[in-house]
Protein chains: 4
Amino acid sequence: MPGYHQVTASHMPAEVAGITGAHLLQYIERIERLEEEKTALGEQSKEIFQEAKSSGFDPKIIRIVLRERKRTPEELDEEETMVLLYKQALGMMPAADS
Amino acid sequence: MPGYHQVTASHMPAEVAGITGAHLLQYIERIERLEEEKTALGEQSKEIFQEAKSSGFDPKIIRIVLRERKRTPEELDEEETMVLLYKQALGMMPAADS
Amino acid sequence: MPGYHQVTASHMPAEVAGITGAHLLQYIERIERLEEEKTALGEQSKEIFQEAKSSGFDPKIIRIVLRERKRTPEELDEEETMVLLYKQALGMMPAADS
Amino acid sequence: MPGYHQVTASHMPAEVAGITGAHLLQYIERIERLEEEKTALGEQSKEIFQEAKSSGFDPKIIRIVLRERKRTPEELDEEETMVLLYKQALGMMPAADS
DNA sequence: ATCGAACCCCCTTTTC
DNA sequence: GAAAAGGGGGTTCGAT
């Protein structure tokens, strides 16, 4: 009883056996290489957060600041304004002033 | 320096003050109610997983089975076949038979 | 119909064949039932967001408000204060006053 | 009326003003740099997936293969065996043998 | 109490 | 523009 010949699907590249596998492997390995690098960067990030924490900074607050730095001041203002407006409409705010 | 009057945005509903707040509150509270129910269901789910675990079943495997049951056998077969094909092309498989 | 006897693993419940399957099925079906309900609630939620959007409210802002309503005012204040502090230390703020 | 002096929190580093800001900024910028690199890698990944897709490979299947390659064959086998066992107990399988 | 992993949710992007 | 898929972030749980 034969091997993998039966499972050939019609939408696989119609190339000579072996070529397709090598071709696919190229892609796979390139992606894996990139993922390794991403993982390494993630670890470095984590270390910096730990350093910062050791220095007395709150990682959670740092994350918020990082997030806000990615956005334009206009975006932030716009959103903040809208949130404030909604909260006031809901009576969640002390009315802001007289 | 006055209060929230300045922050009125043009795309807020042009309704009488108070109406909008009540309107918004309706939505908010309905959503919150649904979220509460969802949380309750999630807790029940968790309990069942714990029961199952106590009975000797592996929650991780159960999750996999649940996921597969959501898909049609055809989908599963199709995917499984393709994965097998790719793995064989990559030499990740023992060739499937003697 | 011999089937699954061969694949029996040592850490499966040592019960009479059939009992275990029925037992497992109980758990599976209870969980699936809960998941269905959760899905239904999720759909209702989505509908409400769409309604709100149709009424001129911004779903994104609503989500923020919902998130904040889950937290205590003290938490919110504390966090907001810290974020402000960090941003000032970073020179991201206009100095906060005249 | 002064600026940010009032919001000073007791758990901020008791260092000379300016030092803390510079210190924090160091962390922030290092993290941002890493995030940029991660983003770049992600873009390269995406390009490779597109290439692969253009060559007739299914990105979805590739992702599954990548995931499996991260795990040891033993892990995969163990899990696969257990899933099969559970499915058979549930009557989800065609009995698996002659 | 800290660390790590697993799960869930939101959001963005792409596809149809 | 509606639906789906992938990626990222946050949170919670278990483990040490």
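Computed from a predicted model, the values in this text were never measured in an experiment. Because only heavy atoms are used, hydrogens play no part in the values below, and waters and symmetry mates are left out as well, while side chains stay in. Below, read A as the first sequence line, B as the second, and so on, with proteins coming before strands; counting in each chain starts at 1.
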Legend entry - Over 12 non-hydrogen atoms of neighbours within 6.0 angstrom of CZ in A/R33: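 No, not enclosed.
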
Could [X] and [Y] be called an ion pair, given the rule that one side-chain N must be under 4.0 Å from one carboxylate O?
X     : Y     : result
D/K60 : B/E79 : yes
C/E68 : A/K87 : yes
C/E78 : C/R71 : no
A/E51 : D/R30 : yes

Produce the list of close N/O pairs, under 3.5 Å, pairing protein atoms with atoms of nucleotides 6-9 of chain F; give distances to one decimal.
unit_1, atom_1, unit_2, atom_2, d
F/dG6, O3', D/R63, NH1, 3.1
F/dG6, O3', D/R63, NH2, 3.1
F/dG7, OP1, D/R63, NH1, 2.5
F/dG7, OP1, D/R63, NH2, 3.3
F/dG7, OP2, D/R63, NH1, 2.9

In whole angstrom, give the distance that lies between atom [atom1] of [X] and atom [atom2] of [N].
X     : N      : atom1 : atom2 : value
B/I31 : E/dC9  : CD1   : P     : 15 Å
C/D58 : E/dC11 : CG    : C1'   : 14 Å
B/E43 : F/dT12 : CD    : C1'   : 12 Å
B/I62 : E/dA6  : CD1   : C1'   : 15 Å
A/E75 : E/dT12 : CD    : C1'   : 14 Å

Inset, instruction - Taking only the side-chain nitrogens and oxygens of B/Q50, find out if one of them lies under 4.0 Å from OP1 or OP2 of F/dG14. - result: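 B/Q50 to F/dG14 OP1/OP2: side-chain N or O found under 4.0 Å.
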
Inset, instruction - With heavy atoms under 4.0 Å as the rule, sort A/K53 into base, sugar-phosphate or nothing. - result: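 Answer is nothing: A/K53 stays at 4.0 Å or more from every strand.
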
Legend entry - Side-chain heavy atoms of A/E80 within contact of A/V83, under 4.5 Å: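 They are not in side-chain contact.
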
Legend entry - Side chain of B/K46 - closest among E/dT13, F/dT12, F/dA15: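 Among the listed nucleotides, the one closest to the side chain of B/K46 is F/dT12.
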
